[in-house]
2 protein chains.
Amino acid sequence: MLNITRKVEYALIALRHMQSKNDIGLTSAKEIAAQYGIPKQLLAKTLQQMSREGIVKAVHGPTGGYKIAANLKKISLKDFFEKLEGPLGMMDCYFDSECVQISNCNIRVPIQRINNNMRDMFSQMTLQEITQ
Amino acid sequence: MLNITRKVEYALIALRHMQSKNDIGLTSAKEIAAQYGIPKQLLAKTLQQMSREGIVKAVHGPTGGYKIAANLKKISLKDFFEKLEGPLGMMDCYFDSECVQISNCNIRVPIQRINNNMRDMFSQMTLQEITQ
DNA sequence: TTATATACGACAAAAATTATCGTATATAAT
DNA sequence: ATTATATACGATAATTTTTGTCGTATATAA
Ligand code: FES
Ligand code: FES
C-alpha cells in the first residue's frame, strides 16, 4: 500500500545515473538498462516520457542518448510523480467525482485532509534531493 | 500511485460509522454494507481482521455485531495501515532485501529517506482524527 | 429449533501494473 | 548510399495485485 510504481523507480534510477555523469555526456537507455538490470524497452519509454515533459533531452542516432535538461532543484517530487503517473492522492475520489457512493461517504473530508498533507510533503521535496 | 486500498477505505468508513453511534450499540456488517454500498462479505472480513487486532469487538449471534474496542486516539494511522496491509513504504525493498538489483541500486538511500518522512507523517496522525 | 450474526480458508473475477512487439524515424560512421 | 544504432510510440501480452465471492463452520438470541 502507498507504493510508487516501477516506472517512477526506473525514472529515478536513470536520473541519478545521468546526474552522476559528466553534464555533457549522453547516456543511452541500453546502458542504464544493462547496468541496473531494468527492462530496456520499458526504461526507454519512461525516458521518452521524461523527454516529452522536458526533464531530459533526447539525441537520436548512434552515439545518441539522453541527458538531464531541467533544473532538478526546481521540480518538486509531487510534480515529478504527477508528470509520470497523473494525479497524486490516496484515493481517486480526491480528483474525479466518480466515486459510486460519494453522496453518502462519511470519510471524504478527513481523507482529503490527509491527502493534502501528503501532497504538501511531496511538494516540499525536490527531485534534486533524490538524485544528488 | 500512492493509493490506499479499498480494504482500508472500508475499514475507515466502518469505524467512523460506529463511532458516530452510541457507544453501547452494536453495528452489523450488513448494516454498514447496505448503507454505504460496500460488498458485505469483504467488509465482514475486514471487520474480522480488525477484531483480531483488537480494534473492534465482535459479538456473535442475532442482534450481534461490532463495536469499537480500542482507544482510537492511541492508534496511529501508520500502525492502523500496517495492521491491515502490512509494512508501509513506497518501495518493498525498504523492508525485505529481495530486490533483484539491490546491490547496484543507486536510489536506495534517498528513497529510504522519503519513506521515513512518509512513515513519520502517518505516525503523527491518529485514527481518531479520521473517524471523529 | 430456527434465524441471524460472526469466522475464515479457498477460490474467482477484475483491474492495474509491468513487460514485450512491431514499426517508424533520425543520424553517425563506413 | 548503406549500415548500424539510437530514439519514438502505439498496440498488445503477460503478470501481479487487488477486489470480490463461495461454502462451510460456529455462536447465540428468540
Ligand atoms: S470513498 Fe469516494 S468519496 Fe468517500
Ligand atoms: S530498487 Fe530495490 S534497492 Fe533500490
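Just so it is clear, the model here is predicted, and its values are computed rather than measured. Chain A is the first sequence line, chain B the second, and so forth, proteins listed ahead of strands; every chain is numbered from 1.
- Spacing between atom CG of Leu2(B) and atom C1' of dA16(C) amounts to 15 Å, rounded to whole angstrom units.
- Residue Ala44(A) is out of contact with every strand shown, counting any heavy-atom pair closer than 4.0 Å.
- Considering CD of Gln19(B) and CD1 of Ile130(B), their distance stands at 11.0 Å, rounded to 0.5 Å.
- Atom pair Leu43(A):CG and dA8(D):P shows a separation of 12 Å (rounding to whole Å applied).
- For the pair Lys40(A) and Met1(A), both in contact range of DNA chain D, the more 5′-proximal nearest nucleotide belongs to Lys40(A).
- Partner assigned to dT28(D) is dA3(C), using Watson-Crick or G-U wobble distances below 3.5 angstrom.
- If you take CD of Glu85(A) and C1' of dT18(C), they are 11 Å apart, rounded to a whole angstrom.
- Separating the CD1 atom of Ile4(A) from the P atom of dA16(C) is a distance of 19 Å, rounded to the nearest angstrom.
- Distances shown here put every side-chain N or O of Tyr66(B) at or beyond 4.0 Å from the OP1 or OP2 atom of dA5(C).
- To the nearest angstrom, P of dA6(D) lies 18 Å from NZ of Lys67(A).
- Look at NE2 on His60(A): it is 11 Å from C1' on dC9(D), rounded to the nearest Å.
- Not one side-chain nitrogen or oxygen of Arg6(A) sits closer than 4.0 Å to the OP1 or OP2 atom of dT16(D).
- Atoms CG (Leu47(A)) and P (dA8(D)) sit 9 Å apart, rounded to a whole Å.
- Taking the nucleotide of DNA chain C with the nearest heavy atom to each of Lys7(A) and Pro62(A), the more 5' of the two is matched to Lys7(A).
- Here dA8(D) presents its C1' atom at 9 Å from NZ of Lys45(A), a figure rounded to the nearest Å.
- One finds no side-chain N or O of Tyr10(A) lying less than 4.0 angstrom from the OP1 or OP2 phosphate oxygen of dT18(C).
- Across every strand in view, dA29(C) sits in a pair with dT2(D) that passes the Watson-Crick or G-U test at under 3.5 angstrom.
- Distance check: Arg119(A) CZ to Ser76(A) OG gives 9.5 Å after rounding to the nearest 0.5 Å.
- Rounding to the nearest 0.5 angstrom, the gap separating the NZ atom in Lys74(B) from the CG atom in Leu127(B) is 14.0 Å.
- Using a 4.0 Å heavy-atom criterion, one finds that Ala29(A) contacts the sugar-phosphate atoms exclusively.
- Atom CG of Leu72(B) is separated from atom CG of Leu15(B) by 6.0 Å, given to the nearest 0.5 angstrom.
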